[in-house]
There are 2 protein chains.
Amino acid sequence: MILRFGILCFPGVQQLDLTGPYEVFASARDAEVHLVWKDLAPIRSATGLVLQPDTRLADAPDFDVLCVPGGSGVNALMTDGEVLAFVRDKASKARFVTSVCTGSLVLGQAGLLSGRRATTHWNAHDFLPRLGAIPVRERVVRDGPIITAGGVTSGIDFGLAVIAELLGREEAETIQLSLEYAPAPPFGAGLPETASPAVLAQARARMAASRQERETLLA
Amino acid sequence: MILRFGILCFPGVQQLDLTGPYEVFASARDAEVHLVWKDLAPIRSATGLVLQPDTRLADAPDFDVLCVPGGSGVNALMTDGEVLAFVRDKASKARFVTSVCTGSLVLGQAGLLSGRRATTHWNAHDFLPRLGAIPVRERVVRDGPIITAGGVTSGIDFGLAVIAELLGREEAETIQLSLEYAPAPPFGAGLPETASPAVLAQARARMAASRQERETLLA
């Protein structure tokens, strides 16, 4: 049996939110990964990498796993009726409805996080209650069929957790080993609680414009 | 001053070898990341993701950092005179000559690892001495201007280490925090030493055909 993964692939996506889980999903046995968007023109990600959608929203099959990655491009999706309707429709037929990073804001705007435990990038976490979600500061959060992941790189941890759910722990561990996923960050600044005040201030400053847009959208 | 990163983007590249460092490099201030290949036609990565080279070998500027990712497509590069000549030429002008995963086999074939401490994916580590390198089982290994990383996901640790060298630790930590890089693998199977024998056997089996080709090339 083929497992179908559908990942939303939109202008301004944070590419590592997408490419991390993609590599995990596509490494699984009998997996088929679709990059879904309105049309098949190449899109430019938040940091410049060009990605190629391969499935139109209108042509998308039902998925075992629907995944919405994050990035500055999420802001446009949050008021895009076509995308929100697509997410709601495919969510109703998927085994797991998932997000990485600020992709959870799209799930929230689609009404899928009401009363659900969920997470997102640390710099967007306070938006979750405004979307009806119960915020949880963990790297991967599952509430029934909803699985949300924290910021960007958490997509790799998330991908392995999803594969374990679908295909069992041995398959997930085989992929982990193939990807030599025994991380060893050279510094300990990966969370606001462990970063220095100067680093936290700089990171916040770089994301300030995108965050301000979200403040306005969710006011 | 602009920092120029040049990443080789070839058919059969393991996309996360490339997209992990890309996200780190492209998040740095004043960085310009080039995906370099023979022509500008889209290429298909080892697990199917389509990537878009943006700079022809012939048009490539000199780089501060030259990076060769790995993947099954490495095998074709190992006997590709045009690519090996390009790597040698750009290496002679770069501040750092680097690889992720089996990209080190290309550096080795280009003659750049002679007498150098280096690493690669665990399943290719025994090839390093055949290329004149001194094998080191660490996630990121620096020997002078040569920086090599272990398998696939080590490219993120590597990317942060490279940014720290070029722009200082605070810049690297700011990127780490932006990418919420506080990894929490759900399982501990990321290395052959920590994986179960069944998982190790499965991972080896999946990579056997590509490894056999390399055995032949390096016999």
Side-chain angles (χ1 to χ4, degrees), chain A residues 14-16 19-20 22-23 26-27 33 35 42 47-52 54 101 121-123 138-140 150-154 156-157 160-161 164 169-192 194-196 198-200 202-203 206-207, chain B residues 14-16 19-20 22-23 26-27 33 35 42 47-52 54 101 121-123 138-140 150-154 156-157 160-161 164 169-192 194-196 198-200 202-203 206-207:
Chain A
Q14 184 92 30
Q15 59 88 359
L16 193 52
T19 51
Y22 185 106
E23 199 75 323
S27 298
V33 186
L35 296 187
T47 49
L49 189 83
V50 171
L51 292 169
Q52 176 64 63
D54 52 44
C101 198
H121 191 284
W122 58 264
N123 196 42
E138 286 169 20
R139 201 149 165 90
V140 180
V152 197
T153 53
S154 64
I156 301 172
D157 301 316
L160 293 170
R169 179 166 172 167
E170 190 164 298
E171 179 68 15
E173 290 190 347
T174 299
I175 296 168
Q176 182 182 8
L177 179 56
S178 302
L179 302 179
E180 203 168 326
Y181 188 47
F187 312 110
L191 292 170
T194 60
S196 72
V199 163
L200 180 56
Q202 274 208 49
R206 291 185 191 187
M207 297 183 276
Chain B
Q14 184 92 30
Q15 59 89 359
L16 193 52
T19 52
Y22 185 106
E23 199 74 322
S27 298
V33 185
L35 296 187
T47 50
L49 189 83
V50 171
L51 293 169
Q52 177 63 63
D54 53 42
C101 197
H121 191 284
W122 58 264
N123 195 43
E138 286 170 19
R139 201 149 166 91
V140 180
V152 196
T153 53
S154 64
I156 301 172
D157 302 315
L160 293 170
R169 179 166 173 167
E170 190 165 298
E171 180 68 15
E173 291 191 347
T174 299
I175 295 168
Q176 181 182 9
L177 179 57
S178 301
L179 302 180
E180 202 168 326
Y181 188 48
F187 312 109
L191 293 170
T194 60
S196 72
V199 163
L200 180 56
Q202 275 208 48
R206 292 185 190 186
M207 296 183 277

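Quick note on labels: first sequence line is chain A, next is B, and so on, each numbered from 1. The structure presented is a predicted model; accordingly, all values stated were derived computationally and were not measured. Scope of the values below: all heavy atoms of this structure, side chains included, with no hydrogens, waters or symmetry mates.
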Rounding to 0.5 Å, atoms CD (A:Gln14) and OG (B:Ser178) come to a distance of 8.5 Å
Do you know which of B:Glu23, B:His121, B:Met207, B:Glu173 has the most heavy-atom pairs with chain A at a distance under 4.5 angstrom? B:Glu23
Per-residue tally against chain B (heavy atom, under 4.5 Å) across A:Leu179, A:Leu16, A:Leu191, A:Asn123 peaks at A:Leu179
Where does A:Ile175 contact chain B at under 4.5 Å (heavy atoms): side chain, backbone, both or neither? side chain
Residues in side-chain contact (heavy atoms from CB on, under 4.5 Å) contact with B:Pro42, at least two apart in sequence or another chain: B:Val50, B:Gln52
Is a donor on one side and an acceptor on the other found under 3.5 Å between the side chain of A:Glu180 and the backbone of B:Trp122? yes
Top of B:Ala26, B:Ala203, B:Pro185 for chain A proximity - count of heavy-atom pairs under 4.5 angstrom: B:Pro185
Part of A:Glu171 lying under 4.5 Å from any heavy atom of chain B: side chain
Using the side-chain hydrogen bond (donor to acceptor under 3.5 Å, both in side chains) criterion, which residues pair with A:Glu170? Sequence neighbours excluded. B:Gln202
Spell out, as yes or no, whether a donor-acceptor pair under 3.5 Å connects the side chain of A:Gln176 to the backbone of A:Tyr181. yes
Using every non-hydrogen atom in the two residues, find where B:Ser154 and B:Gly150 come nearest and quote the distance to one decimal. OG-O, 2.6 Å
Close side-chain approach of B:Thr153 and B:Arg139, heavy atoms under 4.5 Å: yes
Heavy-atom proximity to chain A below 4.5 Å, by part of B:Ala184: both
Heavy-atom pair count under 4.5 Å with chain A, highest-scoring of B:Asp54, B:Val152, B:Leu200, B:Thr174: B:Thr174
If you count heavy-atom pairs under 4.5 Å with chain B, which of A:Ile156, A:Leu49, A:Val33, A:Thr194 comes out on top? A:Leu49
Which of B:Leu51, B:Asp157, B:Thr47, B:Leu177 touches chain A most, by non-hydrogen pairs under 4.5 Å: B:Leu177
